[in-house]
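Letters go in sequence order (proteins before strands), and every chain restarts at 1.
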2 protein chains.
Amino acid sequence: MQPTISTPDNKQELHPQLHTTSLRFKPGQMIFDEGQKANRWYEVVRGTVRTCRFHIDGHRHLTGFYFGGDVFGADYGYYNTAAEAVTNATVRCYRVGELSQQSPSTNFSFGGAASILYRAMSSAQRYLFIMGHRTALEKLAAFLLSIYIQDSDDTSLNLPMSRADIADFLGLTVHTVSRSFSELVRREYIKIEGRHVVVVKDCAGLCRLAGEHELLANECEPKPTHSLA
Amino acid sequence: MQPTISTPDNKQELHPQLHTTSLRFKPGQMIFDEGQKANRWYEVVRGTVRTCRFHIDGHRHLTGFYFGGDVFGADYGYYNTAAEAVTNATVRCYRVGELSQQSPSTNFSFGGAASILYRAMSSAQRYLFIMGHRTALEKLAAFLLSIYIQDSDDTSLNLPMSRADIADFLGLTVHTVSRSFSELVRREYIKIEGRHVVVVKDCAGLCRLAGEHELLANECEPKPTHSLA
DNA sequence: CGACCATTTGATGGGCTTCAAGAGCAGTGG
DNA sequence: CCACTGCTCTTGAAGCCCATCAAATGGTCG
């Protein structure tokens, strides 16, 4: 998996003049917790990150996966999710105290600031659209496609997260996720190579399942250059 | 229903120096279409707006409702949803050609620009959390609460949208939505007065159903001042 | 090897969709 | 005014999909 800046066409360093820090996290390690003061936002340099929250009944809900170049933690006031490393992950951390003060005198360029939030929005919308699907099979297909398009260089795609993570992301159980994987294999849309690698055999088929207008279908055969946003 | 600026604590006029236009739409009228160039973003002045997209199989998916003070249409490049008026609606329209150019020389204050996108993010996250619930009853409870908290001054809340809108928003059928309403009434959590008015009788009960940590529960009895983000 | 965890698979039950029909309400025109 | 029409909303019954319960397989690490 090659981390690439996958969102809007801003590949340059973000605000190099800002005070930034690179941090490393191990799998499962928490980056920030729900309810903490949201005075920093983050950019994934390498690895994968998830954001999650817990309901009273104990069930976990993942609200996003973030790969190289993705932005997370751009909340207002307090974080409304926790963030955890899925794999070994390196993230760049930006202090954004100025963000919450909204002082018109701060001299951030609009472009950079907007692009941060656009990139965060882009992730939120990706999730929104996946959840718009009706069946487990459709959701999984849409999920795989979203990763395939964002974060893959050939027909194989990397799934660094566990089946449980995928389940909590899609609002399904591990069982249903596993069955859906098997069904996609049975239909020969994908091939599974080990736990974390999926080979896309019939992208058009997946697109049909995901049924996202022609947008995806067009992007499917010639390898796209960036996200679906 | 009293439109109020409900998101982060920025209640002042946004960028009065920008070229803006007020527009009025009738119920069902389209404000912009999916795929159009996203060179404007919008702020609801009065009324209610929905964003939606259609899948190949024809089923509609609503990705958000926007009330007075909410921001919508803050997409990058092209709109990835259509926007339609739910009720008679007045929206303020801002040209944001500068947004997509990301020129660091543009002199927008960071606060205003960030707040636009924060407010858009806030709506996206509201939806994200609602969709994290498991059963239809929980989803509906969370949905009603989110509106109750954002857009109500007393125990009664206004539902300008149809049951079909709610269904397409929550990923359910009208039937299930209707049944869930009836169940909430049966449990005496709410009372229904006409098609578009719901009276909250047991907010704590609703909060328990929605199960969003204690965050909501705290905000429930003393009427909150602004959003749950 | 044996313990443990992640994943897969099977069987059963519950919740939501689907199919079907009735009730409520608004608008129109006689 | 009221019948008529069309629509939204509600409610009932049957079927399907997914959650739950249960167990087997496979992979990792001591």
Any salt bridge between Arg53(B) and Asp33(B), counting N to O under 4.0 Å? no
Could you tell me whether the phosphate oxygens of dA19(D), OP1 or OP2, come under 4.0 Å of any side-chain nitrogen or oxygen in Thr176(A)? yes
Grab the CG-C1' distance between Leu140(B) and dC9(D) for me, whole Å please. 14 Å
Please give, in whole Å, the distance from dT17(C) C1' to Arg134(A) CZ? 8 Å
Atom-pair distance (CZ on Arg163(B); C1' on dG24(C)), nearest Å: 12 Å
Answer with yes or no after comparing the ring centroid distance for His61(A) and His133(B) against a 6.0 Å cut-off, counting only values under it. no
Compute the angle between the rotation axes at the two ends of the helix from dC1(C)-dG30(D) to dG30(C)-dC1(D), each taken over five pairs, rounded to 10 degrees. 30°
Return the residues of residues 166-175 of chain B meeting this criterion: a heavy atom under 4.0 Å from some atom of DNA chain C. Order them by number, or give none. Gly171(B), Leu172(B), Thr173(B), His175(B)
Between Arg179(B) and dT11(D), is there a side-chain N or O to OP1/OP2 distance below 4.0 Å? no
Sort out for me which residue in Arg119(A), Arg126(A), Arg50(A) forms a salt bridge (charged side-chain N to carboxylate O under 4.0 Å, His left out) with Asp70(A). Arg126(A)
May I ask you to decide if Leu172(A)'s main-chain N or O and Thr176(A)'s side chain share a donor-acceptor pair within less than 3.5 Å? no
Measure from the side-chain heavy atoms of Arg195(A) and tell me the nearest of dC9(D), dT8(C), dT7(C). dT7(C)
Could you check how far NE2 of His133(B) sits from P of dA19(D), rounded to whole Å? 16 Å
Take atom CZ of Phe181(B) and atom P of dT8(D), then tell me their distance rounded to the nearest Å. 16 Å
Which part of the nucleic acid, if any, lies within reach of Ser178(B) when heavy atoms closer than 4.0 Å are counted: base, sugar-phosphate only, or nothing? base
Roughly how many Å is it from CD in Glu183(A) to P in dC17(D), rounded to a whole number? 11 Å
Glu34(A) and Asn80(A): side-chain donor and acceptor closer than 3.5 Å? no
If you take the centroid of each ring, where Trp contributes its six-membered ring, are Tyr66(A) and Tyr42(A) closer together than 6.0 Å? no
Hey, can you tell me if Phe143(B) and Phe169(B) have their rings parallel, tilted or perpendicular (30° and 60° cut-offs)? tilted
Is it true that Glu183(B) and Arg187(B) make a salt bridge, defined as a side-chain N closer than 4.0 Å to a carboxylate O? yes
Gap between atoms CE and P, on Met161(A) and dC5(C) respectively (whole Å): 22 Å
Indicate whether any N or O donor in one side chain lies under 3.5 Å from an N or O acceptor in the other, for His59(B) and Asp57(B). yes
Without decimals, in angstroms, what is the distance between His196(A) NE2 and dC5(C) P? 16 Å
Between Val177(A) and Ala136(B), who's closer to the 5' end of DNA chain C by nearest nucleotide? Val177(A)
